[in-house]
Amino acid sequence: MEKEPGEVPERRKRSDSDRFPRRPNPAEYESEWYARWIEGGCFSARPEADAPRFTIVIPPPNITGSLHMGHALNLCIQDALIRYRKSAGADSLWVPGTDHAGIATQNVVEKQLADEGTSRAELGREGFEKRVREWKGAAIERINDQIRKLGCAVDWTMERFTMDEQCSLAVRTAFKRLFDEGLIYRDTRIINWCPRCRTALSDIEVEHAEEEGALYYIAYPLIGDEGAVTVATTRPETMLGDSAVAVNPGDDRYRSFHGKRLLLPLVRREIPLITDDYVDMSFGTGALKITPAHDPYDFEIGRRHGLAQHRMLTEEAVITGDYPPYAGLDRYEARKRVVEDLKAAELLKKQEPYRHSVGRCYRCDTAVEPYLSLQWFVKTKPLAAPAAEAVREGKTRFLPEKWTKVYLNWLDDIRDWCISRQLWWGHRIPVWTCGSCGAVSSSVEDLAACPSCSSAALSMEEDVLDTWFSSGLWPLSTLGWPAGTRALEVYYPTTVLVTGFDIIFFWVARMMMFGLKFGGDVPFREVYIHGIVRDAKGKKMSKSFGNVIDPIDTIGVYGADALRYAFLSSAGMGQDVYISDERFKAGRNLCNKLWNSARFILMDSPGAPPLEKALEDEPPDLADRWILSRAAVLLDETKRAMDGYRIDEALHKAYAFFWHDFCDWYLESAKPKLRAGQPGRRALTAAILHRLIALNLSILHPFLPFITEELWKLLPAAEGMLAAAPCPSLSWEPDRDAEDAMSLIQDFIRSVRDIRANLNAPPSKKIEVIVLTGSGEKIQTVKAGEPYIAALAGVERISFLRRGEIAGKQTLSSLLPGMEIHVRVPEGAMKEEMRRLEKKRSALAAEMERVERKLGDENFLSRAPGEIVKKENQRFAALKEDLHKISERLNELSGR
RNA sequence: GGGUGGUUAGUUCAGAGGGAGAACGUCUGCUUGACGUGCAGAAGGUCACAGGUUCGAGUCCUGUACCACCCACCA
């Protein structure tokens with residue numbers, strides 16, 4: 001009967017196989033293990049231990065919502081590192097915590113209030129803060145639960161929140177020190193203002209993007225003279241606040257206008273025409289309207305020329321009452337009206353499409369206004385210089401290295417940091433102004449009396465600090481600074497910071513500045529910058545694309561280990577991570593394979609002697625020596641990869657070893673030995689299987705903590721929990737000879753299998769293989785490997801013929817280094833063989849020609865190192881021999 | 001305008017001067033005493049393009065094109 005494509009035959013029923021359960025649903029053991037790890041104190045720091053320290057402070061997630069795939073990636077990387085270093089003997093500490101996220105959280109809660117028909121104003125500051133604190137509790141619980149679901153080995157006893165008592169003390173202490181040293185000051189400046197959030201923003205909180213707009217040409221009539229000066233602007237409504245028109249002093253077109261006065265249209269204000277070098281003659285008309293209160297550069301020019309600052313917008317970006325026809329209009333509405341009115345007055349000379357950069361609030365995407373206001377600033381240059389220097393000196397290293405330059409360029413060109421926010425949710429600025437003497441003081445403790453005049457008429461600042469001010473202190477505040485705690489002493493500087501490139505300026509640079517300033521050293525030795533999470537098509541995951549996947553959903557379907565595998569296997573250093581069902585399935589399949597290999601071993605050999613004991617009683621055979629050698633190499637390779645933060649590489653190596661070396665080859669070759677071998681053989685084989693399944697679990701544990709722990713429990717020799725177990729060791733050296741010999745056997749088996757596949761020989765059909773050879777050493781190896789060849793390639797007999805002895809015409813053949821193998825086939829199966837041989841021959845001939853040409857080249861022979869020339873010669877000889885064999889074979893077949 | 005990456009198999013990437021690799025996907029076969037979430041085999045690449053250095057270039061240098069990202073106050 002024909003089988004439908006994709007149809008799978010019904011699984012064979014065997015009562016035997018129920019002796020050991022099939023893999024349970026991950027949900028059945030994952031949360032249970034997390035609780036056991038916590039109970040067992042597996043994740044607790046051991047500051048008293050005499051061990052190398054490995055410390056990470058978590059990038060604190062915002063309490064605005066739940067964790068997304070980006071967080072999950074970030075967490076998985078840290079967890080793999082923490083668990084690996086712990087198993088390698090380090091005192092690993094991973095400090096968890098969350099960030100109050102000022103603007104973002106306030107927005108979320110305000111939205112909630114709006115849905116409930118109330119508002120922040122209605123609740124009042126205290127009521128609002130109380131409301132946010134309630135939200136905070138639930139949010140943190142949700143986030144921590146996700147962290148537990150992912151299996152993160154964080155030390156919960158160290159958990160912090162950026163607005164808890166300890167962190168608040170750090171914030172006030174840092175603020176006061178900077179204030180007292182004159183590094184924090186207050187000034188009236190043009191800052192970035194979000195009219196929706198109604199707060200100031202720092203420069204980096206504004207996201208610039210090119211947008212389609214228009215360039216408007218407006219004529220400003222001269223006073224007391226004919227004519228006008230035409231300016232070009234993208235924001236015509238700001239003309240209401242103009243104080244002057246500027247031209248370049250060297251611009252001949254306007255030379256005759258110098259010193260004249262203009263009439264500002266609509267407003268009918270008299271303004272001067274001034275000259276300033278800043279003006280670019282080639283742009284627009286070469287005349288620039290100056291609005292000192294609403295443009296940063298105009299502000300500078302205004303200051304230079306002593307111009308008035310006319311504020312024409314309110315905090316909500318609505319026209320102020322000073323411009324009656326437009327008062328109360330939104331800025332865009334006002335733009336339309338101004339343009340209409342200018343048109344009506346025939347003063348709008350031209351309007352053309354124009355692409356220009358618009359800045360938007362990074363929290364709500366509203367177009368930001370340059371806005372004149374009184375704000376607090378940090379003088380950054382004195383802090384930035386040491387932060388840059390530390391990286392230049394290599395005290396902190398970026399991985400991948402390319403981010404070093406990004407970091408340095410920003411610090412070298414840094415501008416002062418606006419830290420005041422007109423919000424209610426955050427650290428209130430610890431500054432008090434005296435109502436009687438006017439003194440402005442900062443204090444760590446709340447002030448009750450003015451330090452200068454002892455007056456009690458003090459008012460505290462209303463504004464709060466930029467969230468990133470407290471984030472910047474995170475490595476210090478979590479470890480107890482400003483108190484000289486044991487944790488600070490032992491764990492600062494931390495080892496590595498794991499984060500995304502999007503917050504290098506926001507966070508990494510600020511921590512460097514504060515860490516050096518207050519902690520006396522860099523906050524971390526290394527900064528590991530990972531990529532972002534994308535969907536299968538390479539699109540960034542974002543709500544607006546509608547392609548977000550909730551990590552918790554994925555865990556529900558595939559298990560946390562599968563999700564972790566998807567991330568860690570594709571997280572090449574700094575590489576973006578593409579996730580898809582395919583990748584999750586790959587992770588799930590690996591878990592399944594792990595389970596089933598352990599299941600086989602424990603079913604077939606429930607117990608085994610210790611490996612060292614078994615080796616005393618029985619010498620290891622080729623496959624034993626080979627797999628032990630591979631394991632020794634693997635231990636070394638994964639260690640080096642992990643120490644170098646090449647996490648995906650370590651995982652790939654472990655995966656390949658487990659799946660291909662261990663399962664495909666060793667375990668398969670072990671089956672006949674377990675079934676038919678001598679007792680000593682059986683014991684040694686079982687011992688190796690037990691030892692190596694344990695080793696596989698240990699090595700894979702940092703990546704797949706749950707399934708490996710669950711299986712560890714089932715191993716008779718395993719003690720305690722895997723999460724607390726030290727790195728496995730293997731008293732076995734890499735064995736070159738065993739690996740070379742096994743490699744030949746594997747090639748042999750693959751060749752036979754290839755021939756079988758061409759023959760369509762079912763696995764049950766045993767075949768005879770004829771070996772033609774000239775090399776004695778290779779024959780010895782094949783003979784030694786005969787049991788494996790028999791078992792793994794379905795070969796019942798190998799006949800060794802000398803060169804010249806005829807294998808027979810009716811055979812399929814394959815070339816191996818130093819030998820040629822044949823399998824007899826029935827009449828009629830030869831046509832395909834001729835084609836294959838022909839193809840192979842032309843490939844060999846082409847290759848040989850290349851090598852021959854090289855070896856005929858005087859330059860090559862005289863200039864290339866002797867070693868290379870020798871190698872090429874050997875290669876030529878081998879190719880020549882193979883070609884000869886194939887040609888002979890072809891002649892034989894065609895000349896029948 | 002400045003900067004940083006990238007361009008190698010259908011896809012995602014590794015390879016950093018001497019015979020083009022992995023994973024996934026594809027195709028073919030398989031009730032193989034753990035696993036069909038599996039086993040076995042196979043096919044598939046002018047290493048973006050153009051110059052240069054070299055006995056020899058995915059690999060080093062220069063330039064070009066394209067893609068991605070970051071920074072910047074030209075109205």
Side-chain angles (χ1 to χ4, degrees), chain A residues 8-12 14 16-17 20 22-23 190 203-204 208 215 231-235 238 246 278-280 282-285 287-291 295-300 354 356-357 359 370 400 402-403 405-406 409-410 413 501-502 504-505 532 536-538 562 569-570 572 574-578 580 582-583 585-604 648-649 652 655-656 663-664 667-668 671 675 750 753-758 760-764 792-794 847 850-851 854 857-865 867-869 871-872 875 879:
Chain A
V8 172
E10 206 176 312
R11 172 173 288 138
R12 183 175 9 193
R14 255 192 330 273
D16 245 19
S17 62
F20 194 97
R22 290 182 178 273
R23 182 165 78 106
I190 297 270
D203 293 336
I204 51 177
H208 296 270
L215 196 57
V231 299
T233 179
T234 54
R235 307 183 58 209
T238 61
Y278 168 74
V279 180
D280 178 357
S282 64
F283 188 90
T285 59
L288 173 63
K289 64 189 267 313
I290 304 296
T291 323
D295 181 278
Y297 238 90
D298 291 3
F299 176 77
E300 291 300 324
Y354 186 68
H356 66 298
S357 174
K402 64 173 174 177
W403 296 110
K405 216 168 169 183
V406 173
N409 286 348
W410 188 72
D413 201 25
F501 57 80
D502 50 330
I504 289 178
F505 307 147
I532 60 168
K537 283 177 246 151
S569 66
S570 43
Q575 210 77 51
D576 286 350
V577 167
Y578 293 64
S580 60
E582 303 295 313
R583 286 221 89 88
K585 281 182 182 146
R588 177 203 57 188
N589 295 356
L590 173 59
C591 293
N592 190 54
K593 185 86 174 169
L594 268 173
W595 185 274
N596 283 306
S597 62
R599 177 170 182 263
F600 167 75
I601 292 164
L602 295 172
M603 243 164 36
D604 205 283
D648 65 317
E649 193 182 317
H652 286 142
Y655 177 100
C663 291
D664 291 349
L667 208 148
E668 289 305 320
K671 285 175 181 173
R675 270 158 214 148
R750 271 191 278 260
R753 283 169 173 171
D754 184 16
I755 293 174
R756 292 187 70 107
N758 279 296
N760 276 338
S764 54
L792 300 179
E847 175 117 37
R850 274 207 305 277
V851 179
K854 213 171 187 180
D857 184 343
E858 272 306 312
N859 279 325
F860 174 71
L861 295 175
S862 59
R863 303 205 191 201
E867 190 190 322
I868 297 293
V869 176
K871 208 172 142 197
E872 289 296 313
R875 212 176 126 212
L879 284 167

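Chain A is the first sequence line, chain B the second, and so forth, proteins listed ahead of strands; every chain is numbered from 1.
Mapping Asn758(A) and Asn592(A) onto RNA chain B via the closest heavy atom, the residue that lands nearer the 5' end is Asn592(A). Each of Leu861(A) and Leu879(A) has a nearest nucleotide on RNA chain B; the 5'-most of these lies closest to Leu879(A).
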Step by step, work out the side chain to side chain contact (heavy atoms under 4.5 Å, CB included) result for Glu300(A) and Ile190(A). CA-CA 9 Å; Glu300(A) 291 300 324; Ile190(A) 297 270; over 6 Å; no

I would like to know whether Lys585(A) and Glu582(A) meet salt bridge (Lys or Arg N to Asp or Glu O under 4.0 Å); could you show each step before the answer? CA-CA 5 Å; Lys585(A) 281 182 182 146; Glu582(A) 303 295 313; 5.1 Å; no

Determine, stepwise, if the pair Leu879(A) / Val851(A) fulfils side chain to side chain contact (heavy atoms under 4.5 Å, CB included). CA-CA 9 Å; Leu879(A) 284 167; Val851(A) 179; 3.9 Å; yes

Listing time: all N or O pairs from protein to nucleotides 14-18 of chain B that are below 3.5 Å?
| residue | atom | partner | partner atom | Å |
| --- | --- | --- | --- | --- |
| A14(B) | OP1 | Gln575(A) | OE1 | 3.1 |

Detail all sub-3.5 Å separations between protein N/O atoms and N/O atoms belonging to nucleotides 5-11 of chain B.
none

Table of protein N/O atoms under 3.5 Å from nucleotides 67-72 of chain B N/O atoms:
none

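What you find for Gly359(A) and His208(A) is that their closest heavy atoms are CA-ND1, 3.9 Å. Considering every non-hydrogen atom in both Arg23(A) and Trp595(A), the closest pair reads N-NE1, 3.2 Å. When all heavy atoms of Pro296(A) and Pro370(A) are compared, the closest pair comes out as CD-CB, 3.8 Å. In this structure, Phe860(A) and Lys854(A) approach most closely via the heavy-atom pair CD2-O, 3.4 Å.
The glycosidic torsion of G15(B) lies more than 90° away from 0, placing the base in the anti range. Taking 90° from 0 as the syn/anti boundary, the base of G33(B) is oriented syn.
Taking the C1' atoms as reference points, G56(B) lies 16 Å from A16(B), given to the whole Å. Rounded to whole Å, the P atom of G19(B) lies 26 Å from the corresponding atom of U11(B). The separation of A57(B) from C74(B), taken at their P atoms, amounts to 46 Å, rounded to a whole angstrom. The gap from the C1' atom of A22(B) to that of G45(B) amounts to 14 Å, rounded to the nearest Å. Taking the P atom of each, A20(B) and G58(B) are spaced 9 Å apart, rounded to whole Å. Nucleotides C27(B) and C67(B), compared at atom P, are 33 Å apart to the nearest Å. A14(B) and G6(B) are spaced 15 Å apart, taking the C1' atom of each and rounding to whole Å. Comparing the P positions of G52(B) and C13(B) gives a spacing of 32 Å, expressed to the nearest Å.
A straight line from NZ of Lys593(A) to P of C24(B) spans 11 Å, rounded to a whole angstrom. Taking atom NE2 of His652(A) as the reference point, atom P of C24(B) lies 9 Å away to the nearest angstrom. Nucleotide A75(B) holds its P atom 7 Å from the NE2 atom of His356(A), rounded to whole Å. For the pair Arg756(A) CZ and U32(B) P, the computed distance is 13 Å after rounding to whole Å. Between the CZ atom of Phe283(A) and the C1' atom of C74(B) there is a distance of 7 Å, rounded to whole Å. Following rounding to the nearest Å, Asp604(A) (CG) and G33(B) (P) show an atom-to-atom distance of 12 Å. Atom CG of Leu590(A) is separated from atom P of G38(B) by 10 Å (rounded to the nearest Å). Leu288(A) places its CG atom 9 Å from the C1' atom of C74(B), with the value rounded to the nearest Å.
Side chain of Tyr578(A), nearest nucleotide from C13(B), A42(B), A40(B): C13(B). Set against A34(B), A40(B), U12(B), the side chain of Met603(A) has A34(B) as its closest nucleotide. Across C13(B), A34(B), A75(B), the shortest atom-to-atom separation from the side chain of Asp280(A) is found for A75(B). The nucleotide whose nearest atom lies closest to any side-chain atom of Phe600(A) is, among A75(B), A34(B), U37(B), A34(B). Of the listed nucleotides (G3(B), G41(B), C35(B)), C35(B) has the atom at the smallest distance from the side chain of Glu668(A).
Within the structure, every side-chain polar atom (N or O) of Tyr655(A) is placed at least 4.0 Å from both OP1 and OP2 of A22(B). For the OP1/OP2 pair of G38(B) and a distance below 4.0 Å, the side-chain nitrogens and oxygens of Asn589(A) include at least one atom meeting the criterion. The phosphate of C35(B) (OP1 or OP2) has a side-chain N or O of Arg22(A) nearer than 4.0 angstrom. For the OP1/OP2 pair of G41(B) and a distance below 4.0 Å, the side-chain nitrogens and oxygens of Arg753(A) include at least one atom meeting the criterion. Tyr278(A) has no side-chain polar atom (N or O) that falls below the 4.0 Å cut-off from OP1 or OP2 of C73(B).
Annotation: cation-pi geometry not satisfied between Lys593(A) and Tyr655(A) (NZ/CZ under 6.0 angstrom from ring centroid, within 45° of ring axis).
Lys671(A) comes within contact range of at least one nucleobase, with a heavy-atom separation under 4.0 Å. Among the atoms of the strands shown, none is found under 4.0 Å from any heavy atom of Leu602(A). Base engagement by Tyr297(A) is indicated by at least one non-hydrogen atom pair under 4.0 Å involving a base atom. Looking at heavy-atom distances under 4.0 Å, Tyr354(A) makes contact with sugar-phosphate atoms alone, never a base. Ser597(A) comes within contact range of at least one nucleobase, with a heavy-atom separation under 4.0 Å. Residue contacts for Arg583(A): at a heavy-atom cut-off of 4.0 Å it reaches no nucleic acid atom on any strand shown. At a threshold of 4.0 angstrom between heavy atoms, the contacts of Cys591(A) with the nucleic acid are absent.
Looking only at distances, no side-chain donor or acceptor of Asp648(A) sits under 3.5 Å from a matching main-chain atom of Ser570(A). The backbone N or O of Tyr578(A) sits nowhere less than 3.5 Å from a side-chain atom of Arg583(A) that would complete a donor-acceptor pair. Side-chain atoms of Arg753(A) come within 3.5 Å of backbone atoms of Leu792(A) as a donor-acceptor pair (strictly under, hydrogens ignored). In this structure a side-chain-to-backbone donor-acceptor pair under 3.5 Å is present from Asn596(A) to Asn592(A).
Looking at residues two or more places apart in sequence or on another chain, you find a ring pair (Phe, Tyr, Trp, His ring centres under 6.0 Å) between Tyr278(A) and Tyr297(A). Contacts of Gln575(A) classified as side-chain contact (heavy atoms from CB on, under 4.5 Å), with partners at least two apart in sequence or in another chain: none.
Between Phe283(A) and Tyr354(A), the ring planes lie perpendicular to each other; the angle is over 60°, past the 30° to 60° tilted range.
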Dot-bracket, RNA chain B: Watson-Crick or G-U, under 3.5 angstrom, [ ] crossing, | other strand? ((((((((.[[[[.)..(..]]]].(((((.......))))).....[[[[[..)....]]]]])))))))....

